[in-house]
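Scope of the values below: all heavy atoms of this structure, side chains included, with no hydrogens, waters or symmetry mates. It should be emphasised that the depicted structure is a prediction, and the values quoted were computed from it without experimental measurement.
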Amino acid sequence: MQSPVLLHSSFLPPYLQHPISPALHFPVRPISICSSLRKKKSQPSLKNTWPSISLTLFGSGFFLGPLIDGLHSKVELVVYQNGSLNIGTLRTNIWVPFLLGLFYCTVGLLQLWLDERAPSTVREGNLGKTAASLIVLVLFIEQSAELYKAGVAANIEAYVLFAAAELIWLLVDRTRLGFALACVIGVGCPLAEIPIMKFFNLWYYPQPDIEIFGQGLISWTITCYFVYTPFLINLSRWLKSIFIDTDVAGDS
């Protein structure tokens with residue numbers, strides 16, 4: 001006499017009468033929580049490093065900025081008034097180091113903040129890129145000063161410098177985000193000079209070719225700020241990599 005279980009199983013379809021072989025299994029791809037957490041952890045953040053980065057950027061602008069700016073003041077493209085200061089051949093203003101320190105710090109931190117919002121477009125910063133963009137910046141500022149000193153018409157110099165600025169962007173940056181930021185900085189900074197000149201009389205342009213809000217400006221200084229931006233991008237990213245590595249080494 002057959003058992004009830006066997007009798008019952010005899011009525012089942014053939015494909016259900018035999019147990020599934022342990023050799024047969026369905027592939028399951030487990031979700032690796034640890035790897036995803038590792039990825040999140042590996043992404044550098046400004047949470048702990050931004051004070052050190054901002055202080056270094058400010059110091060770079062404080063000391064390096066007036067030296068680069070002096071390439072223009074030596075040909076009297078810009079003439080300093082209240083607080084003017086001459087150190088050897090360097091013509092500057094007592095407030096310029098602080099203003100350029102603030103400029104370096106603001107643009108650098110803004111770029112790093114944008115990097116965290118769009119990590120897929122971030123490029124690693126290194127000393128080579130930073131040095132190359134600095135050399136290109138100094139050569140560009142020096143060339144603009146020489147063209148001004150030679151008496152080249154402002155519109156012709158503007159055409160030459162705008163073309164050169166585009167070429168420099170292609171060589172040292174070549175990103176849409178970098179181009180957009182350089183355009184914003186290029187237009188915004190000359191406009192920011194207007195209240196400083198108008199209300200504090202710190203400097204003026206003796207041969208302006210445009211006038212905005214009753215204040216004379218040099219139109220092609222837009223290109224100088226434009227070329228300044230890739231250098232500050234590379235500088236801020238390089239400093240971030242240094243302080244992130246130092247922070248990681250300290251935690252380990």
Side-chain angles (χ1 to χ4, degrees), residues 34-69 92-138 141 168-169 172-193 195-196 222 224-252:
C34 294
S35 62
S36 62
L37 289 175
R38 229 180 281 120
K39 286 181 181 178
K40 288 182 180 179
K41 189 176 180 181
S42 64
Q43 292 178 355
S45 173
L46 289 176
K47 183 178 180 180
N48 299 323
T49 57
W50 74 265
S52 300
I53 295 173
S54 59
L55 183 61
T56 308
L57 285 170
F58 184 88
S60 300
F62 189 92
F63 293 105
L64 180 61
L67 298 178
I68 298 176
D69 179 71
T92 186
N93 187 288
I94 194 172
W95 293 105
V96 166
F98 297 96
L99 292 172
L100 289 176
L102 182 62
F103 170 61
Y104 276 48
C105 184
T106 302
V107 177
L109 290 180
L110 175 60
Q111 179 60 51
L112 296 181
W113 182 82
L114 292 173
D115 285 346
E116 290 198 337
R117 298 305 181 275
S120 59
T121 62
V122 176
R123 295 184 177 183
E124 292 295 328
N126 57 59
L127 178 59
K129 290 180 181 179
T130 305
S133 56
L134 174 60
I135 292 171
V136 170
L137 169 64
V138 172
I141 299 295
I168 290 172
W169 170 77
V172 302
D173 187 81
R174 204 177 294 185
T175 65
R176 287 181 291 181
L177 180 61
F179 183 85
L181 182 61
C183 289
V184 172
I185 299 301
V187 174
C189 286
L191 294 178
E193 289 187 25
I196 297 176
I222 292 175
C224 299
Y225 286 109
F226 184 95
V227 176
Y228 229 124
T229 306
F231 164 63
L232 295 178
I233 290 174
N234 289 322
L235 176 62
S236 60
R237 286 175 175 170
W238 176 52
L239 291 175
K240 181 181 179 180
S241 67
I242 293 175
F243 287 111
I244 288 291
D245 291 342
T246 304
D247 191 48
V248 171
D251 292 339
S252 60

[X] to [Y] - nearest heavy-atom pair and separation:
X: Gly186; Y: Tyr225; answer: CA-CB, 3.7 Å
X: Pro190; Y: Ile185; answer: CD-O, 4.0 Å
X: Lys240; Y: Ile53; answer: CA-CD1, 3.7 Å
X: Phe231; Y: Leu137; answer: CD2-CD2, 3.9 Å

Residue pair [X] / [Y], side-chain heavy-atom distance below 4.5 Å:
X: Val107; Y: Tyr228; answer: no
X: Phe179; Y: Asp173; answer: no
X: Val227; Y: Ile141; answer: no
X: Leu239; Y: Leu235; answer: yes

Drop me the distance from [X]'s [atom1] to [Y]'s [atom2], to the nearest 0.5 angstrom.
X: Trp50; Y: Ser236; atom1: CH2; atom2: OG; answer: 15.0 Å
X: Ile168; Y: Thr229; atom1: CD1; atom2: OG1; answer: 11.5 Å
X: Cys105; Y: Leu100; atom1: SG; atom2: CG; answer: 12.5 Å
X: Leu134; Y: Leu232; atom1: CG; atom2: CG; answer: 10.0 Å
X: Asp69; Y: Thr92; atom1: CG; atom2: OG1; answer: 6.0 Å
X: Ile233; Y: Leu177; atom1: CD1; atom2: CG; answer: 7.0 Å

Check the pair Val172, Lys129 against side-chain contact (heavy atoms from CB on, under 4.5 Å), reporting the backbone distance first and the verdict last.
-> CA-CA 7 Å; Val172 302; Lys129 290 180 181 179; over 6 Å; no
Trace of the side-chain contact (heavy atoms from CB on, under 4.5 Å) decision for Thr56 with Ile242 | CA-CA 11 Å; Thr56 308; Ile242 293 175; over 6 Å; no
Would you please test Arg237 and Thr130 for side-chain contact (heavy atoms from CB on, under 4.5 Å) and show each step?
-> CA-CA 9 Å; Arg237 286 175 175 170; Thr130 305; over 6 Å; no
Sole residue of Phe62, Phe103, Phe63, Tyr104 in ring pair (Phe, Tyr, Trp, His ring centres under 6.0 Å) with Phe98 =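 Exactly one candidate clears the test, Phe62.
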Check whether more than 12 heavy atoms from other residues, nucleotides or ligands sit under 6.0 Å from atom CZ of Arg176, and answer yes or no.
->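 Check fails, neighbour count at 12 or below.
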Near Leu191 CG, under 6.0 Å, is it more than 12 heavy atoms from other residues, nucleotides or ligands?
->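 Yes, CG of Leu191 has more than 12 neighbouring heavy atoms, counting only those of other groups under 6.0 Å.
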Pair Asn126-Ser241, side-chain contact (heavy atoms from CB on, under 4.5 Å): steps then yes or no | CA-CA 8 Å; Asn126 57 59; Ser241 67; over 6 Å; no
